[in-house]
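Working notes, structure below.
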Amino acid sequence: MASRRRRKGGVDTSKDIVLATVCSHSSLQIFHGARAEGFRTLGIAIKERPKFYDAFPLGKPDEFLVVDSYEEIQDHAEALREKNVIAVPHGSFVEYLGPEKFAKLDIPTFGNRKVLAWESDREKQRAWLLSAGVDMPAKVSSPEEIDRPVFVKYYGAKGGKGAFIAKNQEEFFAGVKRGQSYTIQEYVVGTRYYVHFFYTPLGRGGYRLSKGSLELLGVDRRDEANIDEMYKLGAQETLRHYGLYPTFVVTGNLPVVLRESLLPKVFEMGERVVERSFDLFGGMIGPFCLEGIVTDEMQFKIFEISTRIVAGTNLFIQGSPYSDLIEPGMSTGRRIAREIRLAAKAGRLDDVVT
Ligand code: AMP
């Protein structure tokens, strides 16, 4: 009875809590941060235990669970619940298991899983951001309406794979893959920024929202192959003759800081997106990333939102120029663990775990 009374969000707060995630993406950082906050950690490895984790003792989980496939994780749900596990989602975990299956995973999970339905469908995502008053690249509703350079992308966060630029209709029809859902946007010229936020429903200080508060933990830019280096070979038009087309596959990340005068705009966007999420699905919790392009008119056009920890936060295991002004040494992975710890202590795990 006592232990049932202490079960919050399916977690027994009278026992040690174990933070678990799939060994990929940002997991070294998540395990490192969880350990710093005093949690035990469990790494779910697909097919085999990754040997390179031995090279990073401070990021290696306390134990591994090896499964044959992402789908098999659900078969271990009961055992994971017995271990008092809270799963921490990241891009690969959600994308490779599939957002629908992740939403149904029978394990207590950090964050509000209702966000998945809004994030994984590009149309719903757009409706959310636009209704929050966020500026986005204009949408081109059909290929016949392409009258300027456009960017074509497929659903799901596959690290930019498959996306392509079309400067006219012919290029669109030559490049598009049939049978996959895609979206067409105006191609925005400017500089890309990936802004890492953290929304805490428990927050009472800092940048206040109608409930809780919003933190800015870092900003990165992605290295994308082959677009970033193609210019060395000459104009893209010429390269087509050799069968070379630009691709947008993320291969790494670089740290950046924004002009300070952009910060009010950045906070305003983050605030609106979180406030709107309260109305739409009860609120987004924890880390999220607004991914956009700043034009030479200083307009911020958001092309995507990621509603969980993004891999660009891996740059800031020891903190960033922004998180250092909140608490030195605070990574996003550690911030997640801190939120779970604070919520457990306050008897409010239900507010951050679903
Ligand atoms: P996404 O799949 O939305 O994450 O986009 C992958 C990459 O494509 C981004 O990191 C940008 O480099 C680029 N990109 C996406 N949307 C646009 C756009 N509307 N205009 C220009 N570049 C874009």
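What you see is a predicted model; the values in this text were computed from it and never measured. Start at 1 and go down the list; that is how both ligands and their atoms are numbered. Residues: numbered from 1 along the sequence shown.
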Out of F164, F303, F151, Y187, who is nearest to atom 21 (C) of ligand 1 when you count heavy atoms only? Y187
Is the Lys NZ or Arg CZ of R148 less than 6.0 Å from the centre of Y187's six-membered ring, within 45° of the axis? no
Just jot down the salt bridge (charged side-chain N to carboxylate O under 4.0 Å, His left out) partners of D54, sequence neighbours excluded, or say none. R49, K60
Show the atoms of ligand 1 that are less than 4.0 angstrom away from any heavy atom in P137. 19 (N)
Determine whether the side chain, the backbone, both or neither of E186 has a heavy atom under 4.0 Å from any heavy atom of ligand 1. backbone
Out of all atoms in ligand 1, which are within 4.0 Å of some heavy atom of R192? Include the element for each. 11 (C), 12 (O)
Output the list of atoms in ligand 1 that are nearer than 4.0 Å to some heavy atom of E224, sorted by atom number. 7 (C), 9 (C), 10 (O), 11 (C), 12 (O)
With F267, which of F300, Y322, Y207 fulfils ring pair (Phe, Tyr, Trp, His ring centres under 6.0 Å)? Y207
Salt bridge (Lys or Arg N to Asp or Glu O under 4.0 Å) partner of K139, chosen from E145, E123, E186: E123
Atoms of ligand 1, numbered as shown, that sit under 4.0 Å from any heavy atom of I293: 20 (N), 21 (C), 22 (N)
Contact partition for Y194 relative to ligand 1, non-hydrogen atoms under 4.0 Å: side chain
Closest heavy-atom approach to atom 15 (C) of ligand 1 among K153, Q125, K139 is made by K153
Can you tell me which portion of V250 lies within the under-4.0 Å heavy-atom range of ligand 1? Options are side chain, backbone, both, or neither. neither
Side-chain atoms of residues 278-286: list all donor-acceptor pairs with protein atoms under 3.5 Å, sequence neighbours left out, distances to 0.1 Å.
from	atom 1	to	atom 2	distance (Å)
D279	OD2	R276	NH1	3.4

Establish, yes or no, whether a centroid distance under 6.0 Å links the rings of F151 and F248. yes
Could you work out, for atom 19 (N) of ligand 1, the closest of E304, Q185, R122, E291 by heavy-atom distance? Q185
Which of T313, I309, I326, V195 passes side chain to side chain contact (heavy atoms under 4.5 Å, CB included) with L217? Answer is I326
Does the N or O separation between F248 and ligand 1 drop below 3.5 Å for any pair? no
Would one find more than 12 heavy atoms of other residues, nucleotides or ligands at under 6.0 Å from atom CD of E82? no
